[in-house]
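Below is one structure, written out as structure tokens; the observations come after it.
Note on naming: letters A, B, ... go to the chains in the order of the sequence lines (proteins, then strands), and numbering restarts at 1 for each one.
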Amino acid sequence: MPNIILPDGKKIEFSKSINGLEIAKKISSSLAKEALVMSVNGILKDLTYEINSDCEVKILTSKDNDGLDTIRHDTAHILAMAVQELFPGTQVTIGPTIENGFYYDFSRKEPFTESDLKKIEIKMSEIVDRDEKTYREVWDRDEAIKHFKKIGENYKAEIIKDIPKNEEISIYFHGKWHDLCRGPHLASTGKIGKHFKLTKVAGAYWRGDSNNEMLQRIYGTSWASKKDLNDYLHKIEEAEKRDHRKLGKEMDLFHFREESPGSVFWHQKGWSLFQKLISYMRARQDQAGYNEINTPEILDRTLWEKSGHWDKFGENMYTSTTPDEKVFAIKPMNCPGCVQVFNQGLKSYRDLPLKMSEFGKVHRYEPSGALHGLLRVRAFTQDDAHIFCSEEQITQECLSVTNLILSIYNDLGFENIILKYSDRPDKRVGDDKVWDKSENALLEAIKKTNLEYSVNKGEGAFYGPKIEFVLRDAIGRDWQCGTLQVDLNLPGRLGASYIDKDGSKKVPVMLHRALFGSLERFIGILIENYAGKLPFWISPLQSVVIPVSQDFDEYAKKVHNEVRKVGISSEVDLKNHNLNYKIREHSLKKIPLLLICGKKEVDSNTVTIRKLDSNKQETMELNKFLENYSKLSKAPIN
RNA sequence: GCCCUUGUAGCUCAGCUGGUAGAGCAAUUGAUUUGUAAUCAAUAGGUCCGCGGUUCGAGUCCGUGCGGGGGCACCA
């Protein structure tokens, strides 16, 4: 006779076996109405699952993550049902839930079009209305394979073959339609409601392998209520408004063009932003003891062969053949050049740690499908640095890099930073003792930051472990920017050495680090994080002076010149438009400060300040304005 | 690279089933002289992404190339 223990600790005793729905009814009729699935001793089960022994049960509704997840999983099934009803002969493959929704991959010769999505949605609604009952059967493995092959579902048959021998082959039915599935599922198709929407069609490789057939994936989103669905769709729209490609155009920062896909044409304003970041970073690195260098863009192929890039990275490298048939490569990374600078002249242990930074522009031939605005380009500038040090110095150097990076992210308004630590991969160089040492050194540095970190087992570079620094932006998206890698390989390959205390020659350890990662990408992230409303000091155009009418043009020009003189970037808008028009125009362009000049200001030698997104006005003596705001307009460097 | 989709004025877009292009904003000019998110009017503006083909005739249909977008794969 099962004793059921509820989450609040209450025990209910039943005289015979019982299923989830009956338990829910026993608790309350409203719970029975809202119940979707249940967890039995922590394992998700259908509500129809019969319980005959003591256990802990939690009835789950759409308020529980697992409940909502089950709604999405069911929506994926109904999508597959609808597709097979509308397009007979389509094979189903897999249809998991994902963040905010689900997808289902299909195999079908003819492509699905956007207009098919509408039809499918209508059919899905019909299926919900039919309220088909769900039931579960356990099938014999070989029978199941035979069955799915017979009905032409070869992918399903293949999936069954790969299910571990000790697992049941469960088949879920919604009415007549059935699918191999682990479950659990809602009691009937009516339970999912109609708060779903199919969002896009896309290609996806079978089993994620580009050697396999490309399937057609339909993405959708599904929620517990109309309101949740609308909120989600609204959130997507808001995110689109922040798109750096759109804002970059509107703010006149940069553009892309066919002649050089994946390379940025920086306009004056965008370039000014770019340069501000570089000079800020340069100042921070000067303070942190780095020496800036610069190395050639084009280097002989033999160097890349020695470094291992030709072999490992050749497919991504641009090459150039000179008229005398020599082959050069355009650098995809700065490290080999930097090692060559290190190699000039004898180095002693006294020189270590030697920190060499380089704002190096690198070119990588990325697959065309990977390109994405500033976030994935083929030519970009790294705020790169290589730290040559001894093994003993690794921890200390990693720690100081980490501290520098966190302080810089904070200055730029990012406070949510996650670390991803990747340790030794299977394919690696160097002996395990050295790996132990470098992994420990890195881990120790991470722990000292007290930051949250995740471990990616075996994801390190072949030459050493690494940390990736992930920023979480204003709307909760994660971006990988900075990276810190310990390299026990390249210095040796390129013959780097120093003379140690005991007079022996040693190979230095090299730390690769980039803080912004790529200036281009970082700018894209900044734009999206701030929705274009960049912090004052980094804003590409900090102020626009607006005369109230043409009578005050001269004063406005004077103000503009004074403002520029103290280092605040400024334009003066003398166009024949009224004040309202100009305020709107410059506000849309996200100019942080509008300086209004009219009779009042001329008479009292003042300016009236209107800040972006505020309709408050403040009139201030011109000199006072210059003094107060020139400080604020500079990078936060002490 | 692969699948789908898309390419028309500086920008955002319309152009139905083929009959040599249209709107709004921006620009220019003129009027207006404006006090905190669009003053009015006139003018000018296009190899309809490139190359082939079908057709009496192609922005529109077909092929191909190159971009863009959404995914997948890739991201040393």
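Here the shortest heavy-atom pairing between A/Arg376 and A/Ala370 reads CG-O, 3.0 Å.
Comparing the P positions of B/U29 and B/G67 gives a spacing of 39 Å, expressed to the nearest Å. Rounded to the nearest Å, the gap between the C1' atom of B/G1 and that of B/A58 is 33 Å. For the C1' atoms, the distance from B/U17 to B/C61 is 12 Å, rounded to whole Å. A distance of about 35 Å separates the P atoms of B/A23 and B/U55, rounded to the whole Å. Taking atom P on both nucleotides, B/A41 is separated from B/U64 by 49 Å, rounded to a whole Å.
Here B/C49 presents its C1' atom at 12 Å from CZ of A/Arg257, a figure rounded to the nearest Å. One can place NE2 of A/His586 at 14 Å from P of B/A38, the figure rounded to the nearest angstrom. Distance A/Ile546 CD1 to B/A37 P: 11 Å, rounded to the nearest Å. The separation between A/Leu117 atom CG and B/U5 atom P is 11 Å, rounded to whole Å. As rounded to whole Å, 8 Å separates atom C1' of B/G35 from atom CD1 of A/Ile596. The distance from atom CD of A/Glu250 to atom P of B/G10 is 18 Å, rounded to the nearest whole Å. A straight line from CG of A/Leu595 to C1' of B/G35 spans 15 Å, rounded to a whole angstrom. Between A/Glu110 atom CD and B/C3 atom C1' the separation is 14 Å, expressed in whole Å.
Between the OG1 atom of A/Thr483 and the CZ atom of A/Phe516 there is a distance of 15.0 Å, given to the nearest 0.5 Å. With values rounded to the nearest 0.5 angstrom, A/Leu622 atom CG is found 5.5 Å from A/Asn605 atom CG. How far NZ of A/Lys611 is from CZ of A/Phe536: 9.0 Å, rounded to the nearest 0.5 Å.
The backbone N or O of A/Thr90 lies less than 3.5 Å from no partner atom in the side chain of A/Arg108, so there is not a single donor-acceptor pair. A donor-acceptor contact shorter than 3.5 Å links the side chain of A/Glu153 to the backbone of A/Val92. At distances below 3.5 Å, at least one donor-acceptor pair connects side-chain atoms of A/Glu520 with backbone N or O atoms of A/Thr381.
Residue A/Lys249 is in sugar-phosphate contact alone, with no base atom involved, counting any heavy-atom pair closer than 4.0 Å across all strands shown. Using a 4.0 Å heavy-atom criterion, one finds that A/Glu601 contacts the bases of the nucleic acid, with or without backbone contacts as well. No engagement by A/Thr199 is indicated, since no non-hydrogen atom pair under 4.0 Å with the nucleic acid exists. Residue contacts for A/Leu588: at a heavy-atom cut-off of 4.0 Å it reaches a base atom on one of the strands shown.
Using cut-offs of 30° and 60° for the angle between ring planes, the A/His386 and A/His512 rings count as perpendicular.
Among residues at least two apart or in separate chains, side chain to side chain donor-acceptor pair (under 3.5 Å) pairs with a member in residues 252-261 of chain A are A/Asp252-A/His267, A/His255-A/Arg257, A/His255-A/His267, A/Arg257-A/Glu259, A/Ser260-A/Ser263.
For A/Arg217 and A/Tyr103, the positive end sits near the middle of the six-membered ring, less than 6.0 Å away and at most 45° from its axis.
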Please tabulate, one pair per line, each protein N/O and nucleotide N/O from nucleotides 27-34 of chain B that are separated by under 3.5 Å, including the distance.
unit_1 : atom_1 : unit_2   : atom_2 : d
B/A31  : N6     : A/Asn576 : ND2    : 3.1
B/U32  : N3     : A/Asn576 : OD1    : 3.1
B/U32  : N3     : A/Asn576 : ND2    : 3.3
B/U32  : O4     : A/Asn576 : OD1    : 2.9
B/U32  : O4     : A/Asn576 : ND2    : 2.1
B/U33  : O2     : A/Gln550 : N      : 3.0
B/U33  : N3     : A/Gln550 : OE1    : 3.2
B/U33  : O4     : A/Gln550 : OE1    : 2.6
B/U33  : O4     : A/Gln550 : NE2    : 3.0
B/U34  : O4     : A/Asn576 : OD1    : 2.9

Check the interface with nucleotides 70-74 of chain B: list each N/O to N/O pair with the protein under 3.5 Å, or write none.
unit_1 : atom_1 : unit_2   : atom_2 : d
B/G70  : OP1    : A/Arg245 : NH1    : 3.4
B/G70  : OP1    : A/Arg245 : NH2    : 2.9
B/G70  : OP2    : A/Arg245 : NH1    : 3.4
B/G70  : OP2    : A/His372 : ND1    : 3.4
B/G71  : O3'    : A/Tyr219 : OH     : 3.0
B/G71  : O2'    : A/Tyr219 : OH     : 3.3
B/C72  : O4'    : A/Gly203 : O      : 3.0
B/C72  : O2'    : A/Tyr205 : N      : 3.0
B/C72  : N4     : A/Gly369 : O      : 3.4
B/A73  : O2'    : A/Ser210 : OG     : 3.3
B/C74  : O2     : A/Arg376 : NH2    : 2.9
B/C74  : N3     : A/Arg376 : NH1    : 3.1

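Side-chain proximity of A/Ile583 to B/G68, B/A37, B/G35: nearest is B/A37.
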